[in-house]
**Q** 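This is the structure, below, for whatever I ask next.
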Amino acid sequence: MVAARTRGNRRPRTTTVSLRRASLLIQTIAALFFAAVFHANHWHDLQFAPGDQGNSTVAVSTIGKATDRAVGASAMEERGFTVDILSVGSVTRQELLNAQRRTFASHASVRNFFNVTERDDPDPDCHEKLTMSQTLEISNYCRNQRPVTLVGETYRYIRGLYARWPWLEKKANPVGWMCAQQRPHAGMMKVHNHYKTSGQNLPDYLLVMDDDTYINMKTFEREFGGSGDLRPRRDLSPPAESEPLVMAGCLVRQPVRQLNFTFPFGGFGTFISRGALQELYRPIFCDPTAPDYRQALHEDKCRQLDRDVVKEKHHFKDGMSIMELMHSYVTLPRYTDVHNWDVNKHYCLHSDHAFGVFLNFYNISQHVKDPWYRNVPQARVWSYKDSEIYAKPRGVCKNSLTELGCEAGVEVCHYATPQWMEFETKKWINAA
């Protein structure tokens, strides 16, 4: 989820670029004034204090009630369209989680705002205990091109994309980046456990994003709530929320001549429908003698399990859901225990790549309707309005504040600042 930055060819500096940057500066200054007013009248900030059972990333309100802003299942669900949000953040950037919560997550369709930080990691002390030498050891272990007969051609290719050391050592915090690769999946299990223990109905959509992602919820409700038109081409209209659908705000596509593999660019959000959540949470039985075995429900996933694409089969126990399998695969290996890793006990995937593997290969979503990929069975993750990164970014994938800035009124923005979130939210609130 904390994705490697993917850039297209940088555009030449022109007068137009200067004007856009000047416009962005004006927006930021205006937002500083609005932020104070909006904050005073809408939300208290999240505070990170120890919660029940040691979970210290639960949002604590000013009256001391521990909650992730989980709203009861009464009037919220009677409105007919509900959205839950999972934001993947850090204790070092709490201002971003706070800004998300009090801006677009304040939209009437948003029922729960979940958040995960270092304190939700499988190893909560990873960011403090993992050393640079261990981080280098992980990179070397994962990028060692082991024989195809041992790891498989697909896994060998995907591992080759992971944690290149010359790239990783240039990051401001390589250790923090490495530890964060398990965090989105810990968050997904946190959300799953909430639904199980609270008895809340599944939302129409679960949105998974980074803490610097901004989504225009007014636009999202219009387009996903039934009245919008998401069709970039007539033959690509997505199924309804009751059908299994996973859509990436920005889909990254590997060169098809090498591998037909796609994954969601986490910073632009991943939209998971109620139907897809049901697929993720359904128990899988691969033993034909099991009382709950149903060939029609389980056969395709059991066949995929036997393919063992990323060496995940070792983690499966009969009756597990794909959600539980993914969580076990991603979170059981400890980065600080890298010297004990072996072929069945390791984790060598970027968090976005792990989503791509399990969502695509385990048929969590309906097959994409693009005829170009009709013969690619694992083409399951859709792209929002045809937004993809292939040779270069297109569509929503171009919306990033680190480049030329996100244009006003965009549906999704990555690397958004708190000030930009405030400014954008003010506009669609005032237009309501």
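Note that the structure is a prediction, hence the values are computed from the model and not measured. Start at 1 with the first residue, then count along the sequence.
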**Q** Look at the side chain of Q134 and the backbone N and O of T131, then say whether any donor-acceptor pair between them is shorter than 3.5 Å.
**A**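 Yes; judged by distance alone, with no hydrogens or angles, the pair exists.
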**Q** Pair Q200, N112 - check side chain to side chain donor-acceptor pair (under 3.5 Å), show working.
**A** CA-CA 11 Å; Q200 261 191 340; N112 298 319; 2.8 Å; yes
**Q** Would you say the rings of H414 and F265 are close, in the sense that their centroids are separated by under 6.0 Å?
**A**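 Yes.
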**Q** Calculate, to the nearest 0.5 Å, the distance between atoms CZ and CG belonging to R111 and D84 respectively.
**A**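 These two atoms lie 4.0 Å from each other.
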**Q** Kindly state whether the ring of W177 and the ring of H350 have centres lying under 6.0 angstrom apart.
**A**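 Yes, the ring centres sit under 6.0 Å apart.
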**Q** So do V343 and K311 actually touch side chain to side chain, heavy atoms under 4.5 Å?
**A**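 Answer yes - side chains close enough.
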**Q** Could you list all the ring pair (Phe, Tyr, Trp, His ring centres under 6.0 Å) pairs where at least one residue sits in residues 302-326, not counting sequence neighbours?
**A**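 Residue pairs with at least one partner in residues 302-326: H315-Y329.
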**Q** Is there a side-chain contact between P122 and R334 in this structure, where contact means two heavy atoms from C-beta onward sitting under 4.5 Å apart?
**A**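 SC-SC contact between P122 and R334 confirmed.
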**Q** Does S198 reach the main-chain N or O of H194 with its side chain, forming a donor-acceptor pair under 3.5 Å?
**A**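 Checked: pair present.
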**Q** Does E223 form a side-chain contact (heavy atoms from CB on, under 4.5 Å) with Y384? I'd like the steps, not just the answer.
**A** CA-CA 11 Å; E223 295 187 334; Y384 176 70; 2.4 Å; yes
**Q** Can you find a pair of side-chain heavy atoms, one from V252 and one from E388, that are under 4.5 Å apart?
**A**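 V252 does not reach E388 side chain to side chain.
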**Q** Can you say whether the rings of F261 and F361 are parallel (under 30°), tilted (30 to 60°) or perpendicular (over 60°)?
**A**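 Parallel: the ring planes of F261 and F361 meet at under 30°.
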**Q** Could you tell me how the ring of Y205 sits relative to the ring of F81: parallel (under 30°), tilted (30 to 60°) or perpendicular (over 60°)?
**A**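 Geometry flag for F81 against Y205: tilted rings.
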**Q** Could you check whether Y281 and E324, counting side-chain N and O atoms only, form a donor-acceptor pair closer than 3.5 Å?
**A**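 There is no such pair between these side chains.
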**Q** Considering non-hydrogen atoms only, spot the tightest contact between G249 and S387 and give its length.
**A**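 That would be O-CB, 3.5 Å.
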**Q** Would you check if V116 and M189 make a side-chain contact, meaning some heavy-atom pair closer than 4.5 Å?
**A**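 Of all side-chain heavy-atom pairs linking M189 with V116, none is under 4.5 Å.
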**Q** Would one find more than 12 heavy atoms of other residues, nucleotides or ligands at under 6.0 Å from atom CZ of R282?
**A**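 Correct, the count exceeds 12.
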**Q** Can you list the steps and then say if K129 with D123 is a salt bridge (Lys or Arg N to Asp or Glu O under 4.0 Å)?
**A** CA-CA 10 Å; K129 293 183 177 179; D123 181 1; 5.8 Å; no
**Q** When rounded to the nearest 0.5 angstrom, what distance separates CG in L86 from CG in D210?
**A**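 The CG atom of L86 sits 10.0 Å away from the CG atom of D210.
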**Q** So does D204 pair up with R274, basic N to acidic O under 4.0 Å?
**A**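 Salt bridge between D204 and R274, a charged N being under 4.0 Å from a carboxylate O: yes.
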**Q** When you measure from the side chain of T331 to the backbone N and O of H327, does any donor-acceptor pair fall under 3.5 Å?
**A**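 Answer holds: yes.
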**Q** Sort and list the pairs that fulfil disulfide bond (SG atoms under 2.5 Å apart) and have at least one residue in residues 253-283, not counting sequence neighbours.
**A**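 Qualifying pairs: none.
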**Q** Which atoms form the tightest heavy-atom contact between A354 and V330, and what is the distance?
**A**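 Residues A354 and V330, closest heavy atoms: CB-CG2, 4.2 Å.
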**Q** Whether R93 and D212 form a salt bridge (side-chain N of Lys/Arg under 4.0 Å from carboxylate O of Asp/Glu) is what I want to check.
**A**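 Salt bridge: yes.
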**Q** Using ring pair (Phe, Tyr, Trp, His ring centres under 6.0 Å) as the criterion, list what pairs up with Y390, not counting sequence neighbours.
**A**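 So Y390 forms no ring pair (Phe, Tyr, Trp, His ring centres under 6.0 Å) with any residue.
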**Q** Closer than 4.0 angstrom, basic N to acidic O: yes or no for K218 and E221?
**A**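 Result for this pair is no, no salt bridge flagged.
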**Q** Would you find a donor on one side and an acceptor on the other, under 3.5 Å apart, between the side chain of S383 and the backbone of C250?
**A**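 A pair under 3.5 Å: no.
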**Q** Apply side-chain contact (heavy atoms from CB on, under 4.5 Å) to residues V396 and V410 and explain how you reach the verdict.
**A** CA-CA 8 Å; V396 168; V410 297; over 6 Å; no
**Q** Using atom types as modelled and distance alone, determine if a side-chain donor or acceptor of D308 lies under 3.5 Å from a backbone N or O of K313.
**A**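 Checked: pair present.
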**Q** Sub-3.5 Å donor-acceptor pair from the side chain of N260 to the main-chain atoms of V376, do we have one?
**A**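 A pair under 3.5 Å: no.
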**Q** Testing W165, Y347, W341 for ring pair (Phe, Tyr, Trp, His ring centres under 6.0 Å) with Y141, which one passes?
**A**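 Option passing the ring pair (Phe, Tyr, Trp, His ring centres under 6.0 Å) with Y141: W341.
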**Q** With sequence neighbours left out, what residues match Y335 under ring pair (Phe, Tyr, Trp, His ring centres under 6.0 Å)?
**A**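 Checked Y335 against ring pair (Phe, Tyr, Trp, His ring centres under 6.0 Å); zero matches.
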**Q** Just jot down the ring pair (Phe, Tyr, Trp, His ring centres under 6.0 Å) partners of F285, sequence neighbours excluded, or say none.
**A**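 F285 satisfies ring pair (Phe, Tyr, Trp, His ring centres under 6.0 Å) with H298 once adjacent residues are dropped.
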**Q** With the threshold set at 4.0 Å, does a side-chain nitrogen-carboxylate oxygen contact exist between D306 and R303?
**A**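 Salt bridge between D306 and R303, a charged N being under 4.0 Å from a carboxylate O: no.
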**Q** Heavy atoms, side chains only, cut-off 4.5 Å: are V381 and L251 in contact?
**A**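 Counting from C-beta outward, V381 and L251 do come under 4.5 Å.
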**Q** Taking the ring centre of each residue, are F263 and F355 less than 6.0 Å apart?
**A**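 F263 vs F355: aromatic centres not under 6.0 Å.
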**Q** Is there side-chain contact between M209 and V88, with at least one heavy-atom pair below 4.5 Å?
**A**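 When only atoms from C-beta onward are counted, V88 and M209 do not touch, as no gap falls below 4.5 Å.
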**Q** Decide side-chain contact (heavy atoms from CB on, under 4.5 Å) for C413 and T213; before the verdict, give the C-alpha distance in whole Å, the side-chain angles of both, and the deciding distance to 0.1 Å.
**A** CA-CA 6 Å; C413 178; T213 304; over 6 Å; no
**Q** Could you measure the distance from the CD atom of Q366 to the OG atom of S273? Nearest 0.5 Å is fine.
**A**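 If we round to the nearest 0.5 Å, Q366:CD and S273:OG are 8.5 Å apart.
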**Q** Without swapping roles, check the side chain of T425 against the backbone of E422 for a donor-acceptor pair under 3.5 Å.
**A**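 Answer holds: no.
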**Q** Does any non-hydrogen side-chain atom of V246 lie less than 4.5 Å from one of T270?
**A**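 Side-chain contact under 4.5 Å: yes.
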**Q** As an exercise, state the distance from CZ of R119 to CG of D121, rounded to the nearest 0.5 Å.
**A**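 Going from CZ on R119 over to CG on D121, the span is 11.0 Å.
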**Q** Below 30° counts as parallel, above 60° as perpendicular, anything between as tilted: where do the rings of Y214 and F104 land?
**A**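 Rings of Y214 and F104: perpendicular, over 60°.
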**Q** Quick test of your reading of the model: are E411 and R222 salt-bridged, counting only N-O distances below 4.0 Å?
**A**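 No, no charged N to carboxylate O under 4.0 Å.
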**Q** Could you tell me whether the side chain of Q182 reaches within less than 4.5 Å of the side chain of H185, counting heavy atoms only?
**A**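 Answer no - side chains too far apart.
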**Q** Could you pull out all residues at least two apart from Y362 that satisfy ring pair (Phe, Tyr, Trp, His ring centres under 6.0 Å)?
**A**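 In terms of ring pair (Phe, Tyr, Trp, His ring centres under 6.0 Å), with neighbours along the sequence ignored, Y362 is linked to F358.
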**Q** Find out whether the Lys NZ or Arg CZ of R159 is both under 6.0 angstrom from the six-membered ring centre of Y162 and within 45° of the ring's axis.
**A**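 Verdict for Y162: no cation-pi partner in R159.
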**Q** Considering non-hydrogen atoms only, spot the tightest contact between D211 and M421 and give its length.
**A**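 Smallest heavy-atom distance, with atoms named: O-CE, 3.7 Å.
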**Q** Looking at D125 and E128, would you say the former's side chain and the latter's main chain have a donor-acceptor pair under 3.5 Å?
**A**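 Here the side-chain-to-backbone pair does not exist.
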**Q** Salt bridge or not between E153 and R156? Use side-chain N to carboxylate O under 4.0 Å.
**A**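 Not counted as a salt bridge, because no side-chain N and carboxylate O are separated by less than 4.0 Å.
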**Q** Rounded to the nearest 0.5 Å, what's the gap from CG on L277 to NE2 on H192? Could you check?
**A**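 It is 10.0 Å, given to the nearest 0.5 Å.
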**Q** For N115, is there any backbone N or O sitting under 3.5 Å from a side-chain donor or acceptor partner on K190?
**A**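 Yes: the side chain of K190 pairs with the backbone of N115.
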**Q** Test side chain to side chain donor-acceptor pair (under 3.5 Å) on Y373 and R380; report intermediate values, then the result.
**A** CA-CA 10 Å; Y373 300 103; R380 299 282 171 165; over 6 Å; no
**Q** Is there a donor-acceptor pair under 3.5 Å between the side chain of E137 and the backbone N or O of T135?
**A**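 No: the side chain of E137 does not pair with the backbone of T135.
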**Q** Apply the test side-chain contact (heavy atoms from CB on, under 4.5 Å) to residues L259 and I158: give CA-CA distance (whole Å), side-chain angles for both, the deciding distance (0.1 Å), then the verdict.
**A** CA-CA 9 Å; L259 181 70; I158 298 172; 4.1 Å; yes
**Q** Look up atom CD1 in I272 and atom CG in L202, then write down how far apart they are to the nearest 0.5 Å.
**A**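 Those atoms lie 11.5 Å apart.
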